[in-house]
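Since the structure comes first, as structure tokens, the remarks are kept for the end.
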Amino acid sequence: MNTCKKCQSKDVKTLTTNEMVKYKGHDIPFLIEYSICNNCQREFVSKQQIQRGDCHLRDAKKVIDGLLTSEQIKQARKLLGLTQEQAALVFGGGKRAFSKYERAEVSQSVAMDTLIRVYLDNPKIFKRRLAEVGLINSFTQVAKQKIAYPKQHKPVKLRLIKSLPSMQELKYG
Ligand SMILES: [Zn+2]
């Protein structure tokens, strides 16, 4: 509940305005929430409104950076069949890491983002990790999972390096 700090009235109305924020040459539409007290006409932005705005902006920047959004991280974690606590065991980053990512309170690192995608695409690697942290035994099946990645993300194509010397050549006679 929003209360006016000047007159203590709870008769506060919420308004929004659209702004544009520049980020890496892109225009991000940015919805700003603010309040007006109907009693004393004071205009203010509450702490929660600032936090919501920050989270919204953080997510919009992640799309431009090609990172999974907060919603996609949540989707990915569920596809992997993990609770937030289990995700902390599998991925590291602290107990509350996924709760922070999923509320867009913190942006995940590029390394964390990559690891999430690697596990989604490679059930075998994911299964090995689950076994390492004691979440499954070696007989459990893990299915390959797909999620819709951000449009800006261009997957890096891995190519086999053909010029590697063969084992024979390494023996030097
Ligand atoms: Zn007021």
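One-based numbering, in listed order, for ligands and for the atoms of each. All of these numbers come straight from a predicted model, not from anything done at the bench.
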Legend entry - Sequence-distant partners of F126, ring pair (Phe, Tyr, Trp, His ring centres under 6.0 Å), two or more places apart: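 Once residues adjacent in sequence are excluded, the partners of F126 under the ring pair (Phe, Tyr, Trp, His ring centres under 6.0 Å) criterion are Y119.
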
Inset, instruction - Establish, from distance only, whether the side-chain atoms of S107 and K62 form a donor-acceptor pair under 3.5 Å. - result: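 The criterion, which ignores hydrogens and geometry beyond distance, is not satisfied for K62 and S107.
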
Legend entry - side-chain hydrogen bond (donor to acceptor under 3.5 Å, both in side chains) partner of E102, chosen from K74, Q72, R77: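 With E102 as partner, K74, Q72, R77 yield a single side-chain hydrogen bond (donor to acceptor under 3.5 Å, both in side chains), made by R77.
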
Legend entry - Test: D121 and K144 ion pair at under 4.0 Å: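 Judged by the 4.0 Å cut-off on N to carboxylate O distance, D121 and K144 do not form a salt bridge.
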
Legend entry - Cationic N near anionic O, under 4.0 Å, K95 to E85: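 Looking at E85 together with K95, the answer is no, because their closest N to O distance does not fall below 4.0 Å.
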
Inset, instruction - Could you tell me how the ring of F30 sits relative to the ring of H56: parallel (under 30°), tilted (30 to 60°) or perpendicular (over 60°)? - result: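 Aromatic pair F30/H56 classed parallel.
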
Legend entry - Environment of the Zn ion (ligand 1) in terms of protein N/O/S atoms, cut-off under 2.8 Å: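 Near the Zn ion (ligand 1), below 2.8 Å, one finds C4 SG, C7 SG, C37 SG, C40 SG.
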
